[in-house]
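Here is the structure we will look at, set down as structure tokens.
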Protein chains: 2
Amino acid sequence: MPTPSTHAFLKHIPLFTACHEEELARLAERAVEQRYEKGQMLFQRGDPCQGMYVLVYGRVKIAIVARQGAEKVIEIIHPSQSFGEAVMFLEQPYPVMAQAVEDSLVLFIPADTLFAALDEDSRLARRMLAGLSMRLRTLLRDVETYTLESAVERVVGYLLNSLESSGGNVVNLPVNKQTLASRLNLTPETFSRVLQKLSEQAGIVVEGREIRVPDSNKLSEMRNLA
Amino acid sequence: MPTPSTHAFLKHIPLFTACHEEELARLAERAVEQRYEKGQMLFQRGDPCQGMYVLVYGRVKIAIVARQGAEKVIEIIHPSQSFGEAVMFLEQPYPVMAQAVEDSLVLFIPADTLFAALDEDSRLARRMLAGLSMRLRTLLRDVETYTLESAVERVVGYLLNSLESSGGNVVNLPVNKQTLASRLNLTPETFSRVLQKLSEQAGIVVEGREIRVPDSNKLSEMRNLA
DNA sequence: CTGTCAGAATGATCGACATCAAGAATCGAA
DNA sequence: TTCGATTCTTGATGTCGATCATTCTGACAG
């Protein structure tokens, strides 16, 4: 399955950059390319987990599914991000589901391949530990956000965060507004109203999935008052 | 600092049970016993992290502190549990604070000691990865609980969970009701009212920190309706 | 015993966000 | 272009849990 480019691709994933060439070659060799169309599930809650994923292109959402079908988006995966490692180590079924929200290509790395690599290279283990720690920190921030911040604060926080990582003064929403709303733990209606309010009071301009933020300071101030 | 018993104690912590005797001995030797009185802080948000902790006896709460002082309890640490590992791997300041809610004794394991042990023993690394993954799963369940469940459901869930791990039909609250309320993301008032309601409708009996649950099925049913 | 103080319970009120219900806009396929 | 289906917006109404305020309880020091 793997093309020569798999090797090069993995080399640029933070998790694997420190690996020796041979190790990388073996990982690349055993990795499986999987294509998913928009809307297809990669796995569902309860499925057994046999490895980890790295997203090459496209977009994947990770969500929890409650009884009576309500779903809550936990994370939106962008290219080069990995996911599913934690479940692999636990050797338990997935507690979440993953679905492609665009046509996507992922690399699937079988558990035993990765475990072998871990035994050989303590640096990889260290990176993996750091990676999971990072994930933990992110999730902790989410808990903080959900429990301590209001709807407006959550949206403002998201926008400022996106601005920061993109550099410019425009945010391009990575998914449709429903999905993003769920990620921010809002209903689509509330999300819409918050954007409306920020347009009036903080001068942002919403055009479809593109949001321009002429004055990020003004936006930032919305967090504190009201 | 370490007494001979430190070695024996560490041996029974899941994380370290698989370690070789010599390794364990070195960890025990370098571990530092620290005593904290009720109310004392182990560390605050922003403090540098130089190692991980294992609680020997007492009780410790981990909490996030928002601006204007509001605090939200993330976790209540029981004896034999470890905490602070994730931050150690990230080499960033603590994103949370830790405070003794009872007189407590902890073992502090310096980062370099642990890193050395990790390099030597890939099984320890694997256990550590599993440990962090477990933590991640727990936190994910919390997110699920906070975002998808009502106040009554959260309290019922907590009680049933406690019953399950203790075996009997009595739950002894590990901390005062304010703190537990915060852990469940409730105000003390709401928590009190929910317990009141469960007394009337599910037959539980609340006496201080002791809660008797004569019929756990009846309690369980409260989750679904209303 | 008495005063004090933290913890807990109870009552009254309020507000943020969800829900329900239509419309409006956007997109994609024929 | 046109039609249909999503996706998004907007409005009216409802509700869960927070907040504010008071009372009650029990533990403990003096």
Side-chain angles (χ1 to χ4, degrees), chain A residues 37-39 59 61 66 68-73 99 101-103 145-156 172-201 204-211 222-226, chain B residues 38-39 59 61 66 68-73 99 101-102 145-158 172-200 204-211 222-223 225-226:
Chain A
E37 291 180 11
K38 176 172 178 170
R59 205 124 296 175
K61 79 171 180 207
Q68 77 275 73
E71 98 175 24
K72 156 88 186 77
V73 175
Q99 182 182 30
V101 289
E102 286 177 19
D103 293 354
T145 303
Y146 295 150
T147 60
L148 260 32
E149 292 181 8
S150 68
V152 171
E153 287 170 320
R154 296 205 290 277
V155 174
V156 170
N172 264 92
L173 305 185
V175 290
N176 65 30
K177 290 180 186 167
Q178 293 178 58
T179 306
L180 189 54
S182 173
R183 168 71 247 264
L184 297 172
N185 204 30
L186 301 168
T187 56
E189 293 94 327
T190 300
F191 186 45
S192 177
R193 282 185 251 264
V194 169
L195 286 180
Q196 177 60 34
K197 180 175 179 180
L198 293 179
S199 300
E200 292 166 6
Q201 300 182 26
I204 72 170
V205 182
V206 182
E207 274 169 2
R209 284 199 192 171
E210 187 174 303
I211 301 181
M222 297 290 296
R223 268 202 292 210
N224 310 318
L225 37 95
Chain B
K38 178 174 176 167
R59 207 125 291 176
K61 78 170 183 209
Q68 78 275 69
E71 102 176 20
K72 156 91 185 76
V73 175
Q99 181 182 31
V101 289
E102 286 176 20
T145 302
Y146 295 150
T147 59
L148 260 30
E149 293 181 7
S150 69
V152 171
E153 288 170 319
R154 296 205 291 275
V155 174
V156 170
Y158 174 81
N172 265 92
L173 306 185
V175 290
N176 65 30
K177 291 180 186 168
Q178 291 178 57
T179 305
L180 188 54
S182 172
R183 168 71 247 266
L184 297 172
N185 204 30
L186 300 169
T187 56
E189 292 94 327
T190 300
F191 186 43
S192 177
R193 283 186 250 262
V194 170
L195 287 180
Q196 177 61 34
K197 181 175 179 180
L198 293 179
S199 302
E200 293 165 7
I204 72 170
V205 182
V206 182
E207 274 168 3
R209 284 200 192 171
E210 189 174 302
I211 300 181
M222 296 290 296
R223 268 200 294 209
L225 37 97

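Sequence lines set the chain letters: A, B, ... in the order given, protein chains first and strands last, and positions in each chain run from 1. Just so you know, these numbers use all the heavy atoms, side chains as well, and skip hydrogens, waters and symmetry mates.
- Separating the CZ atom of A:R209 from the P atom of C:dC27 is a distance of 10 Å, rounded to the nearest angstrom.
- Here C:dG28 presents its C1' atom at 14 Å from CG of A:D103, a figure rounded to the nearest Å.
- To the nearest angstrom, P of C:dA6 lies 18 Å from NZ of B:K177.
- Residues A:V175 and A:R59 form a side-chain contact, since some pair of their non-hydrogen atoms from C-beta on lies under 4.5 Å apart.
- Atom CD of A:E102 and atom C1' of C:dC27 are 15 Å apart (whole Å).
- Within 6.0 Å of the CD atom in A:E37, the count of heavy atoms belonging to other residues, nucleotides or ligands does not exceed 12.
- B:L180 has its side chain within reach of B:Y158: a pair of non-hydrogen atoms, C-beta onward, lies under 4.5 Å apart.
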> Are B:I211 and B:L195 close enough, and set up right, to give a side chain to side chain contact (heavy atoms under 4.5 Å, CB included), and what steps lead you there?
Replying inline: CA-CA 9 Å; B:I211 300 181; B:L195 287 180; 4.1 Å; yes
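- For D:dT9, neither phosphate oxygen OP1 nor OP2 lies less than 4.0 angstrom from any side-chain nitrogen or oxygen of A:Q196.
- Distance A:L195 CG to D:dT7 C1': 14 Å, rounded to the nearest Å.
- The CZ atom of A:R154 sits 7 Å away from the P atom of C:dC17 (whole-angstrom rounding).
- Within the 3.5 Å criterion, the main-chain N or O of B:K61 finds no donor-acceptor partner in the side chain of B:Q99.
- Atom pair A:L198:CG and D:dT9:C1' shows a separation of 15 Å (rounding to whole Å applied).
- For the segment residues 183-193 of chain B, residues with any heavy atom less than 4.0 angstrom from an atom of DNA chain C are, sorted by number, B:E189, B:S192, B:R193.
- One atom, CD of B:E207, and another, P of D:dG26, lie 12 Å apart when rounded to the nearest Å.
- With a 4.5 Å cut-off on side-chain heavy atoms, A:V206 and A:K177 count as touching.
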